[in-house]
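Below is one structure; the comments refer to it alone.
First listed ligand is number 1; within each ligand, the first listed atom is number 1. Below, each value reflects all heavy atoms present in this structure, side chains not excepted, and no hydrogens, waters or symmetry copies. Treat the numbers as computed from the prediction; the structure is a model and nothing was measured.
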Amino acid sequence: MLTQIKGLHHVTSMAADAKTNNQFFTRALGLRRVKKTVNFDSPDVYHLYYGDETGTPGTVMTYFPFPDIGRGRPGTGEVGTTVFSVPQGSLGYWQDRLTQNGASGIKSEETFGEKRLNFSGPDGDGFALIEVRDDARAPWTENGVDADHAIRGFHSVAMRLRDEGATAELLKYMGYETLEKRDDVTRLIVPGGNDAKFIDLETLPNISRGLQGAGSVHHVAFAVNNRTTQLEVRKALMDTGYQVTPVIDRDYFWAIYFRTPGGVLFEVATNEPGFDRDEDTAHLGEGLMLPQQHQHLRSVLTEHLQKLED
Ligand code: ZN
């Protein structure tokens, strides 16, 4: 069993409109945009990152806004819900705030002894806020949500699976343990990780496979401390029979990817070097940052990419 995985690193989804996406995450949810760059494999499309002040692993929601992409069809083989941690007693505030910002599907419930508020993002993206006692992570409070209410980072992701067996087995190999089972949901936890340490596995045997589009989670990334431990994880996964990509430089972290038996695309990303490698912490997310290989496209991309601010 591996001990190098330290919880979630980031979650990457797809959106239909960059400006709408940016407004929802910065204004409605109050997160900080920590990076404005492009999809390294398709540089005419943005890659937008939202998180806490510095984009600490375990807080970072990222988006590829493909203009006019069709909406995804939710199903199995994907992350269905991305869940953020908020302070105790804050869900009433969030119910009002999300309603005022036009969020749909707002519904409160209690599961696993936790109060949660489910809602949908601009493209039907599945989200929830869960009240967590004593989440010590410092929130970003410069975008209109004060510290008594602000999002601390991820709590978990919930994966929709036709059968949880093989995915649960893989996650246990990656260091997760079963915490609790309720109805059709199994909650896993990784000991010794960051605060984004939970995974929920939902078993939905009669639901067909999701079709990816706007509002779909493209992949979920798990955190490792550094490149050495990433290589250990890569070797262990390959020795177990997984097809894992080579290490890819994403400028703010190094990444490896592999498809899991339940259909969900996993990434393992390093906590180094972080989002301040090419911008001061005080100005994260402000400029259009391009990787070396796309620097020559700067004037074309500046002209082509949609303006995010009014
Ligand atoms: Zn990623």
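Side chains of Tyr46 and Phe64 form no contact here, defined as non-hydrogen atoms less than 4.5 Å apart. Taking the side chain as every heavy atom from C-beta outward, Phe25 and Arg33 never approach each other to under 4.5 Å.
Thr54 meets the side chain to side chain contact (heavy atoms under 4.5 Å, CB included) test with Asp52, Thr56, Thr281; sequence neighbours excluded. By the side-chain hydrogen bond (donor to acceptor under 3.5 Å, both in side chains) test, Lys181 is found to be paired with Glu164, Thr186, residues two or more places apart in sequence or in another chain being considered. For Asp195, the side-chain hydrogen bond (donor to acceptor under 3.5 Å, both in side chains) test picks out no residue, with sequence neighbours left out.
Between the CZ atom of Arg160 and the OG1 atom of Thr167 there is a distance of 13.5 Å, given to the nearest 0.5 Å.
Protein N/O/S atoms closer than 2.8 Å to the Zn ion (ligand 1), listed by chain and residue number, are His10 NE2, His219 NE2, Glu267 OE1.
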